[in-house]
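Contents: one structure, followed by commentary.
Numbering of ligands and ligand atoms starts at 1, following listing order. No experiment lies behind these values; they were computed from the predicted model shown. Note that these values count all heavy atoms, side chains included, but never hydrogens, waters or copies made by symmetry.
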Amino acid sequence: MRRKKVTILDIQKRKQSKTPITMITAYDFTAALLIDQTETDIILVGDSLGMVMLGYPGTTEVTMDEMLHHCKAVARGTTGAFLVGDMPFMSYQADVTEAMRNAGRFLKEAGMDCVKLEGGREMADTVRAIVRAGIPVMGHIGLTPQTVSQLGGYRIQGKTAAAALSLVKDAMALQDAGCFAIVLEAIPATVAALITKRLIIPTIGIGAGVECDGQVLVYHDLLGLYDRLQPRFVKDYGQIGEAIKTAVQTYTEEVRQRQFPAEEHTYPMNDEEEAAFMTAMAGR
Ligand code: KIV
């Protein structure tokens, strides 16, 4: 069923009307089709796909080609939700012109509506250049998985007064540079609430408390499909992983016991043709 396309203006209006924005990751056509039949505002093709779809230990391994491949699949399954393509590690950090070109590929080749990139003040010039090229940018500060090695692991950020203040400066710099929204990941709820109040653009939290203008979760976490990393901020809304294991085990047992395929799953043959076939075979 087709629904009206969510636009950047709808997302900005949600902040004014205090209607929480909902964002979920998706990485393939089928997941996009399912999510797009709900009222979710935004689908993020996150570089978390490196871990949950490709089995990498983290997100730094993910390439532009891999991101574009998954973005295209999600775009084919989406009509209504606003689409965010996550710029992978080293596709925007080295050079501003390269960042603009790579950002453009998400819209031109992969059907995304905007890009997301990680980093605070140090990314302001890059954000400014991409936005100037006509590409909307979503920021991402706090726990930034692409720099997890520098952060010393997947740890909560902004816990000290100085670190919290630094996050506020990052958020303000990204807003000034032209970001239309910012993801706040794994920071204390009070810090996220204050940033949300200070900004005129929406914040979307993941492990950042209920005062953010919206929330995002990884599809596999929300559905109980991936249990290798289970941060405190994840809520399991469905044990789909368990349901898959039960279904696959039942299938395996039924095949072994010749209970599957049953008659209704089998193509019959016309009686006369079958008899003729048997006679022909008997003569050989
Ligand atoms: O890659 C991703 O899924 C993300 C979200 C966790 C915000 O960046």
Side-chain angles (χ1 to χ4, degrees), residues 11 20-28 31-32 35 40-64 66-71 73-74 81-93 103 106 110 112-120 123 127 137-148 151 153-158 167 170-171 174 179-187 192 195-196 202-209 212-223 225-226 228-237:
I11 293 161
I21 298 159
T22 58
M23 180 158 100
I24 298 175
T25 67
Y27 315 104
D28 62 58
I35 295 170
T40 300
D41 298 309
I42 307 176
I43 294 179
L44 163 67
V45 187
D47 63 354
S48 48
L49 68 82
M51 296 167 86
V52 298
M53 297 295 288
L54 304 177
Y56 295 145
T59 59
T60 51
E61 293 85 353
V62 178
T63 65
M64 271 298 290
E66 286 164 343
M67 284 309 304
L68 294 175
H69 174 77
H70 286 272
C71 285
V74 168
F82 187 79
L83 292 174
V84 184
D86 213 0
M87 296 194 72
F89 183 55
M90 291 318 291
S91 69
Y92 57 95
Q93 287 92 341
F106 279 89
M112 297 291 103
D113 297 309
C114 79
V115 295
K116 175 170 88 57
L117 55 81
E118 296 182 6
M123 280 300 144
V127 168
V137 179
M138 179 179 278
H140 182 162
I141 57 172
L143 170 52
T144 43
Q146 290 176 9
T147 46
V148 74
L151 299 176
Y154 292 95
R155 326 154 68 93
I156 179 165
Q157 300 297 307
L167 283 174
D170 283 337
L174 290 176
C179 279
F180 76 94
I182 303 180
V183 169
L184 304 177
E185 178 163 353
I187 66 174
I195 292 173
T196 301
T203 60
I204 302 182
I206 174 161
C212 295
D213 296 305
Q215 298 293 328
V216 54
L217 277 182
V218 167
Y219 182 81
H220 288 59
D221 292 340
L222 174 104
L223 297 175
L225 284 169
Y226 181 85
R228 296 216 175 150
L229 196 75
Q230 284 188 311
R232 175 190 168 104
F233 56 69
V234 165
K235 181 169 174 188
D236 187 352
Y237 282 90

Between [X] and [Y], is there a donor-acceptor pair closer than 3.5 Å when you use the side chain of the first and the backbone of the second?
X: T144; Y: I141; result: no
X: D221; Y: V234; result: no
X: H70; Y: Y27; result: yes

*asked:* Side chains of Y154 and E185: any donor to acceptor distance under 3.5 Å?
replied: no
Tabulating one pair per line, provide the atom names and distances (0.1 Å) for every N/O atom of ligand 1 that is less than 3.5 Å from a protein N/O atom.
residue	atom	partner	partner atom	Å
ligand 1	1 (O)	D47	N	3.2
ligand 1	1 (O)	D47	OD1	3.0
ligand 1	1 (O)	S48	N	3.1
ligand 1	1 (O)	S48	OG	3.3
ligand 1	1 (O)	D86	OD2	3.2
ligand 1	3 (O)	S48	OG	2.5
ligand 1	8 (O)	K116	NZ	2.9

*Member of V45, D28, V84 meeting the side chain to side chain contact (heavy atoms under 4.5 Å, CB included) criterion with V74*: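 Of the listed options, the one satisfying the test is V45.
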*Taking every non-hydrogen atom, the tightest pair across L184 and A208*: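 Closest approach of L184 to A208: O-CB, 3.5 Å.
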